[in-house]
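Every chain is numbered from 1, with letters handed out A, B, ... down the list of sequences. Basis for what follows: all heavy atoms, side chains included, without hydrogens, waters or symmetry-related copies.
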Number of protein chains: 2
Amino acid sequence: MPKRVDHEQRRRQIGEALLRIASTRGLQSATMREVAAEAGVSLRLVQYYFHTKEQLLLAALAYLAEQLTERVSASIRALGPVTARTIVYGTLTAVLPTDEESVRLTRAYTGFYTLLFSSEAEMATRHGATYPDKLESLLATHIAAAQEAGEVAADVDPALTAAALLALTNGLGSSVLGGQRDGATARRILDDQLGRLFHVNDANSDEGLVRRDE
Amino acid sequence: MPKRVDHEQRRRQIGEALLRIASTRGLQSATMREVAAEAGVSLRLVQYYFHTKEQLLLAALAYLAEQLTERVSASIRALGPVTARTIVYGTLTAVLPTDEESVRLTRAYTGFYTLLFSSEAEMATRHGATYPDKLESLLATHIAAAQEAGEVAADVDPALTAAALLALTNGLGSSVLGGQRDGATARRILDDQLGRLFHVNDANSDEGLVRRDE
DNA sequence: CGCTTGATGATACGCTCGTATCACAATCGA
DNA sequence: TCGATTGTGATACGAGCGTATCATCAAGCG
């Protein structure tokens, strides 16, 4: 059988298998043997394409980040014209575990993030923390833009608010994954906060403003 | 040596040892042998007082909840007269990992919460989720009270807001534990949101209001 | 006093994990 | 054509885990 084979494709096949396990049985169940079985290959092959488990995890994390990024931009596009507001909405709702795909992604991501907490290997100079950092500054930028446009109150600190929104979304995600509430409820909580942040810019009162529901 | 010994004290000694490990090396390092060593007893003793590891974890979780509750009420008391506002502030800032003790507690708690995500044993009818639920309804009650007193805008939904604040705090805690930012910054983000929620009830404008820093 | 019983130590068992080793088949360059 | 290289299988190894077993030592009770 040993035809010359496409390494990248094989690695992807195995990496995806790991992600599938991570989002169903949890990352701690993603043992070498389990991944091999899920990918339909032998244990030896997993070792062959990823010399060590850490390399496998790292590659899978990269694939996951890829999918996550793709979902975020798809979510933004789906909201119509690209404005600061749609970017913020799209980004945050994309990473909230509401439908099947986002549950999958969030579960897997949480697994990796959890690994970060107590890995002596430091997960390759904590790659995990750079992703949220980028998201945060991106959000801050667009909140500031919305502020310029008068969609957001002037006394709002974009950086602090971006951090808060992201932390809120992560916290909501955890509560959904932990079974404390369902995705729809989490979505409602997030929408409430977002609606409170993005209000119309005409009036003097901050009460009775337009409530957004999508 | 076999004097008649106080079981509850021994169990506590061992349970605290587990918590100590959970908040330093992480819960996944809390093996039976490690706990025994940390507690300064033999492996056999750990087995003697807790027939199985799950029982040990459950007991330790109970101790942790105890300490957490104690810290929350201490934090509320430290804020002076007990009002709806001090309760909300005190509760949320107590569980945010800012000082050494809260880092310890939060780390340990996160470990257990993480275990919840993917334990087939379901951690004894998911005891973990009841605690946040109680906190949430408690917060909602006091936000509603503050609303009655005019300290909170009338269009705020107490339940949604309580959930959001708790999720925000949890998310911030995760980011601190994950090394994304330090406790002081997290505290600033939380304070910003709380200050925005509890505003003075006299004026017409929502800009330039009193910024709380403690 | 003696004997049951509570408390403790030493050690073993079975399992799973990541990783390593050895053998071998298919392919390709010369 | 043939040897070197690439891909794959079967299996072993050592460590760490939760748990179990067996023996023993000090009390308390009759």
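- Using a 30° and 60° split on the angle between ring planes, B:F198 and B:Y89 fall in the tilted class, from 30° to 60°.
- Distance, A:R25 CZ to C:dT16 P: 15 Å, rounded to whole Å.
- Looking at the side chain of B:R33, the nearest of the listed nucleotides C:dG6, D:dT8, D:dC17 is D:dC17.
- When the P atom of D:dC13 is taken as reference, atom CD of A:Q47 falls 15 Å away, rounded to whole Å.
- Following rounding to the nearest Å, B:I14 (CD1) and C:dT8 (C1') show an atom-to-atom distance of 12 Å.
- What separates CZ of B:F50 from P of C:dT8 is a distance of 13 Å, to the nearest Å.
- Between D:dT6, C:dT19, D:dC22, one nucleotide has an atom nearer to the side chain of A:Y48 than all others, and that is D:dT6.
- Side-chain atoms of A:T83 come within 3.5 Å of backbone atoms of A:T86 as a donor-acceptor pair (strictly under, hydrogens ignored).
- Counting to the nearest Å, the P atom of D:dG18 and the CG atom of B:L57 are 9 Å from each other.
- Comparing D:dT8, D:dT19, C:dT19 by their nearest atom to the side chain of A:M32 picks out C:dT19.
- Taken from OH in A:Y109 to CG in A:L27, the straight-line distance is 13.0 Å, to the nearest 0.5 Å.
- Taking every side-chain heavy atom of B:R44 into account, D:dT21 is the closest of D:dT21, C:dG18, D:dT8.
- In this model, the phosphate group of C:dG6 is not approached by any side-chain N or O of B:H7 to a distance below 4.0 Å at OP1 or OP2.
- Among the heavy atoms of the strands lying under 4.0 Å from B:Y49 are primed sugar atoms or P, OP1, OP2 only; no base atom is included.
- Distance A:R11 CZ to D:dG7 P: 12 Å, rounded to the nearest Å.
- Looking at which nucleotide of DNA chain D each of B:K53 and A:L43 is closest to, the 5′-most match is held by A:L43.
- Under 4.0 angstrom from either OP1 or OP2 of D:dT19 there lies at least one side-chain N or O belonging to B:T52.
- An OP1 or OP2 oxygen of D:dG18 is reached within less than 4.0 angstrom by a side-chain nitrogen or oxygen of B:T31.
- Using a 4.0 Å cut-off between charged nitrogen and carboxylate oxygen, A:R107 and A:E100 do not count as a salt-bridge pair.
- Nearest to the side-chain atoms of A:S42 among the listed nucleotides C:dT8, D:dG9, D:dA20 stands D:dG9.
- Taking atom CD of residue A:Q28 and atom P of nucleotide C:dT16, one finds them 16 Å apart after rounding to whole Å.
- Atom C1' of nucleotide D:dG7 and atom CD of A:Q13 are separated by 14 Å, given to the nearest angstrom.
- The pair B:R71-B:E66 fails the salt-bridge criterion, with no side-chain N (NZ, NE, NH1 or NH2) lying under 4.0 Å from an Asp/Glu carboxylate O.
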